[in-house]
Amino acid sequence: CIYDINGSGQGIVRDRLVSVGDDHVVWLNNRTVCGYGNNSSGQIGSTTGKFDHFIEVNRAWTGVIVKVETHSNTTFLLTKDNVLYAMGSNTRKQIGNGITDAYIYSAVQVMTGVVDVAAGKYHTVVLKENGDVYGWGDNSYKQINPNGGSTISTAYKIASGATIIAAGDYQTFYNDSSGQLHGLGKNDKGQVGYPENVPNPIQVECGAEHTVAIGSDRHMYVWGSDKYRQLPVYLPNSATYTDVPKDTGIIVENISAGGNFTAYIDTELRLCGYGKSESSRVTTIPNMADAKAIAVGKKYCVAVKEEQEY
C-alpha cells in the first residue's frame, strides 16, 4: 500500500521489506524484489525511465535477498549470506567497490560480510559481521571521515564494535560496544545533536534534517528540525529545531523517517505520521492496523500489510 504524504493521491532489524527513495519504492515481496516509480538512474535495475506499477527487478544477484535499502536514486540489496549488491546513481561514488560509472542499471556486487546497510542521500554506511562500520561516497559534511575530502571513493572504517547503523541525507549514526549512540555529519538543525542521550537505542531512522530512535525503554525519541512539525513533541519558545533528543513518551513497535516526515507503528498497531503533509499534525493512516513494515521517503510513506516468508 502506498500513501502519498503530500496528499496528492499518487499512487529494527536487519530484514527490511520496503524502502523509499526520492521518487521510487523498492519492495521485497517474499523472495522477489519489486520496484515502482522513477528509474532514471537505474535504481530499479532497468534502463526504462519510469514504472507506474510494481515490476519484478531483473535478478542480477545470487542468493536470497533479506533487506532492501534505498535513498535518493541508489538502491542496495543485502542477501541472507551477507553479500551486498547495488544499482542506480553513483555520481558521488556511493555504490562503492571502485565502480566509476555514474549510473548502474543492473545490480552489481559491492561487498561481502555485510550484515546491515544504510543509505544516505549520496553516501553509504555498512555494518560488517565483526561489528566494524565502513562508509563511502559523499563526505561534504564529514559524515564519513572527519579528516577526509568531499568524496570518499573507497570504504573508510568509521568505527568498531557496533550493532546498529543509520544514515540521513548527510548524517551517519552508529552505536559502540556499550550501546551509546554516536553521530557524524551535517548538524545545522541539530539532526546529529547529542545522540548519546538516547538510552541504548535499538533502532535509528533519519529524515532530511531530523532523527528518530527507539530507546531500550521502547519510547520514541526525536531531534533535529521541526519546521514541518515532523517531531511529535512540543518545543518551547516557538523553536524550529532541537539538538537534544526528546522523549515523546510514545511506546512504539516500529519507526521510519524520510524527507520531512516521521511515521511509526504504536502498540495498538496503528500507523501514525507527523510532518509535511496536507493533513493535521498527526495522521492515523487508514486501513493500516495490521501493517508489518513501514518506510518513508521524500514523497511517499509505504506500508506492507501481509506477512512475508523467507
Side-chain angles (χ1 to χ4, degrees), residues 12 71 116 118-121 123-125 127 131-135 138-148 156-252 254-264 274-276 281 296:
I12 301 176
H71 194 138
D116 203 2
K121 192 173 183 67
H123 77 289
T124 306
V125 183
L127 178 63
D132 288 347
V133 179
Y134 286 86
D138 177 44
N139 193 47
S140 299
Y141 294 93
K142 308 304 180 186
Q143 61 265 46
I144 300 170
N145 181 357
N147 300 309
Y156 172 81
K157 186 176 178 179
I158 298 172
S160 302
T163 57
I164 61 173
I165 56 173
D169 275 16
Y170 303 103
Q171 305 86 252
T172 297
F173 291 91
Y174 61 91
N175 68 346
D176 61 25
S177 57
S178 71
Q180 181 172 302
L181 189 64
H182 302 267
L184 298 167
K186 191 176 183 181
N187 195 36
D188 60 324
K189 301 299 181 183
Q191 59 265 54
V192 172
Y194 297 92
E196 63 272 16
N197 288 359
V198 180
N200 294 314
I202 58 176
Q203 184 181 357
V204 180
E205 300 288 337
C206 304
E209 296 180 330
H210 74 290
T211 307
V212 185
I214 302 177
S216 56
D217 54 5
R218 303 296 306 186
H219 286 201
M220 180 170 63
Y221 292 78
V222 295
W223 64 101
S225 175
D226 193 38
K227 181 178 179 180
Y228 298 102
R229 299 296 187 92
Q230 59 265 54
L231 307 184
V233 292
Y234 170 75
L235 299 183
N237 303 317
S238 301
T240 58
Y241 71 89
T242 176
D243 59 2
V244 178
K246 301 294 185 181
D247 183 353
T248 65
I250 302 170
I251 300 175
V252 293
N254 202 352
I255 56 174
S256 185
N260 299 303
F261 199 80
T262 300
Y264 63 89
Y274 285 75
K276 189 175 183 180
R281 184 174 182 183
V296 177

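This structure is a prediction, so every number in the text was calculated from the model and none was measured. Throughout, residue positions are numbered sequentially from 1 according to the sequence presented.
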Any side-chain heavy-atom pair of Y174 and V125 under 4.5 Å: no
Pairwise distance CD1(I255) to CD(E205) - rounded to 0.5 angstrom: 5.5 Å
pair D226-T240: side-chain heavy atoms closer than 4.5 Å: no
pair Q143-Q171: side-chain heavy atoms closer than 4.5 Å: no
Atom pair CD (E209) and CG (D188), whose distance is rounded to the nearest 0.5 Å: 5.5 Å
Test applied, side-chain hydrogen bond (donor to acceptor under 3.5 Å, both in side chains); reference residue, T172; option that passes from K186, H123, K142, H182: H123
Y156 OH: over 12 foreign heavy atoms closer than 6.0 Å: yes
Donor-acceptor contact below 3.5 Å, side chain N139 vs main chain I144: yes
Between N254 and Q203, a side-chain donor and acceptor under 3.5 Å: yes
Under the side chain to side chain donor-acceptor pair (under 3.5 Å) test, residues paired with D217 that sit two or more places apart: Y221
Q180 side chain to S178 backbone, donor-acceptor under 3.5 Å: no
Where V133 and A162 come nearest, the two heavy atoms and their spacing: CG2-CB, 3.5 Å
Contacts of D138 that satisfy salt bridge (charged side-chain N to carboxylate O under 4.0 Å, His left out) - sequence neighbours left out: R92
D247 CG to M220 CE distance, which is reported to the nearest 0.5 Å: 9.5 Å
Side chains of R218 and I202 in contact at under 4.5 Å (non-hydrogen atoms): yes
S225 side chain near N260 side chain, heavy-atom distance below 4.5 Å: no
Flag side-chain contact, heavy atom, 4.5 Å: Y274 against R229: no
Within-4.5 Å side-chain heavy-atom neighbours: N175 and T163: yes
Any residue meeting salt bridge (charged side-chain N to carboxylate O under 4.0 Å, His left out) with K157, in chain and number order, not counting sequence neighbours: D132
Residue pair A167 / G120: nearest heavy atoms and the distance that separates them: CB-N, 3.7 Å
Min side-chain heavy-atom separation P195-T211 under 4.5 Å: no
Parallel, tilted or perpendicular, as decided by the 30° and 60° cut-offs, for the rings of F173 and W223: perpendicular
